[in-house]
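Everything on this sheet refers to the single structure shown next.
This structure is a prediction, so every number in the text was calculated from the model and none was measured. Throughout, protein chains are lettered first and strands after them, A, B, ... in sequence-line order, and every chain is numbered starting at 1.
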2 protein chains.
Amino acid sequence: MRPLFHPSIDDVRLEAILHALSDPVRVAIFVDIAGAPCAQTCQAFASVGDRAIPKSSLSQHFKVLREAGLIRSERQGVEMRNTSRCPEIQQRFPGLIPAIIEAHRIEAAAKAA
Amino acid sequence: MRPLFHPSIDDVRLEAILHALSDPVRVAIFVDIAGAPCAQTCQAFASVGDRAIPKSSLSQHFKVLREAGLIRSERQGVEMRNTSRCPEIQQRFPGLIPAIIEAHRIEAAAKAA
DNA sequence: TTCAATAGTTCCGATTTCCTGAACTATTGG
DNA sequence: CCAATAGTTCAGGAAATCGGAACTATTGAA
């Protein structure tokens, strides 16, 4: 299994971030990880909303988020600990991630009503 | 030719906005339209940067931007006047578009250096 | 009115990307 | 060593994207 690739913050592209977060499953995963007080495993997202996600798809989604520079994944025993890279991204693209998270929250709130 | 569809602002989805702007040609077009003092035609973007865009592709790109709710297109004689819907989007997703435009600017500045 | 020119749209086949079941790798506990 | 758990990789079929060619719409001129 090849080691996981994480781009250096200077190589993070806006295009990749927007693409990664333009998928409903990925944005839900990312918002959750960004808001969580501690690292999240992949299988914590075996279902997103009421939709079950096959684990091969889940693995691909995490890869997209990782390679976009949005999260960092580290193996810890049998599982993977995923944390957001928000602080780094905030340095590179100030306000971008908070605005997206807020927009996601607004939409979720509107749907719930 | 079917009339152009513009979503009502309440139907604008974050997912669609991020997807629309996750393409380098589209984000360049959008940033330009958003920053322009007056409406822009489609063929003003017959080339983006140094890359020529076939007009069928250009038409598709404008359709994606339009249906995501990012721009409004109105026929004016033989051409199409495209304007951004930034003020409306600002109401729905405050700060989202400015943050993306700023990130795009940062990246363009870094590439130029 | 007819014709030519311009600006975009639509169609459709080729390429690319995305999705996911099946097989595989890695780690741990018993 | 084995079984169980967590995740990755591979491969094929499905879906999205690209772009040339044909089409539509509008205008101005003859």
Going through the distances and angles, do Val64(B) and Arg26(B) end up as a side-chain contact (heavy atoms from CB on, under 4.5 Å)? CA-CA 8 Å; Val64(B) 171; Arg26(B) 283 193 299 259; 3.7 Å; yes

Side-chain donor/acceptor pairs under 3.5 Å, residues 85-112 of chain A, sequence neighbours excluded:
residue	atom	partner	partner atom	Å
Arg85(A)	NE	Glu88(A)	OE1	2.9
Arg85(A)	NH1	Pro7(A)	O	2.8
Arg85(A)	NH2	Pro7(A)	O	3.0
Arg85(A)	NH2	Glu88(A)	OE2	2.9
Glu88(A)	OE1	Arg72(A)	NH2	3.3
Gln90(A)	OE1	Gly95(A)	N	3.2
Arg92(A)	NE	Ile9(A)	O	3.2
Arg92(A)	NE	Val12(A)	O	3.0
Arg92(A)	NH2	Val12(A)	O	2.9
Glu102(A)	OE1	Arg105(A)	NE	3.0
Glu102(A)	OE2	Arg105(A)	NH2	2.9
Glu107(A)	OE1	Arg13(B)	NH2	3.3
Glu107(A)	OE2	Leu14(B)	N	2.8

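- Using a 4.0 Å cut-off on heavy atoms, the residues of residues 75-85 of chain A that approach DNA chain C are Arg75(A), Gly77(A), Val78(A), listed by number.
- Val25(A) and Phe62(A) fall within a single hydrophobic cluster, where Ile, Leu, Val, Met, Phe, Trp and Tyr are joined by side-chain heavy atoms under 4.5 Å apart, directly or via other members.
- Taking atom CD1 on Ile29(B) and atom P on dG8(C), their separation rounds to 11 Å, with Å as the unit.
- Atom CG of Leu4(A) and atom CZ of Arg75(A) lie 8.5 Å apart (nearest 0.5 Å).
- Here the P atom of nucleotide dT10(C) and the CZ atom of Arg66(B) are 8 Å apart, to the nearest Å.
- The NZ atom of Lys63(B) sits 9 Å away from the P atom of dT9(C) (whole-angstrom rounding).
- Residues Leu58(B) and Ile29(B) have side chains in contact (heavy-atom distance under 4.5 Å, counting atoms from C-beta outward).
- In this model, the phosphate group of dT17(C) is not approached by any side-chain N or O of His19(B) to a distance below 4.0 Å at OP1 or OP2.
- Atom-to-atom distance recorded for Met80(A):CE and Thr83(A):OG1 is 12.0 Å, nearest 0.5 angstrom.
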Applying side-chain contact (heavy atoms from CB on, under 4.5 Å) to Leu21(B) and Val31(B), what does each step give before you reach the verdict? CA-CA 9 Å; Leu21(B) 299 181; Val31(B) 166; over 6 Å; no

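- As a whole-Å value, the separation of His61(B) NE2 from dA7(C) C1' is 17 Å.
- Rounded to whole Å, atom C1' of dC18(C) lies 15 Å from atom CD of Glu67(A).
- Within the structure, the side-chain hydrogen bond (donor to acceptor under 3.5 Å, both in side chains) test picks out no pair touching residues 51-60 of chain B (sequence neighbours left out).
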Taking distance alone, no hydrogens or angles, what donor-acceptor pairs closer than 3.5 Å link side-chain atoms of residues 40-49 of chain B to residues at least two apart or in another chain?
residue	atom	partner	partner atom	Å
Gln40(B)	NE2	Cys38(B)	O	3.1
Thr41(B)	OG1	Gln43(B)	NE2	3.4
Thr41(B)	OG1	Ala44(B)	N	3.3

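- Rounded to whole Å, atom P of dA7(C) lies 12 Å from atom CG of Leu58(B).
- The two residues Ile17(B) and Ala68(B) make their nearest non-hydrogen contact at CG1-O, 3.9 Å.
- Atom CD in Glu74(B) sits roughly 19 Å away from atom P in dA7(C) (whole-Å rounding).
- Contact between the side-chain N/O atoms of Ser59(B) and the OP1/OP2 oxygens of dG8(C) is not found at any separation under 4.0 Å.
- Ile71(B) CD1 to Ser84(B) OG: the interatomic distance, rounded to the nearest 0.5 Å, is 9.0 Å.
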I'd like a table of atom pairs between the protein and nucleotides 19-23 of chain D - only N or O on both sides, under 3.5 Å - with the distance next to each one.
residue	atom	partner	partner atom	Å
dG19(D)	OP2	Ser57(B)	OG	3.0
dG19(D)	N7	Ser56(B)	OG	3.3
dG20(D)	N7	Ser56(B)	OG	3.0
dG20(D)	O6	Ser56(B)	OG	3.1

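- The stretch residues 31-47 of chain B touches DNA chain C through Thr41(B), Cys42(B), Gln43(B), each having a heavy atom under 4.0 angstrom from the strand.
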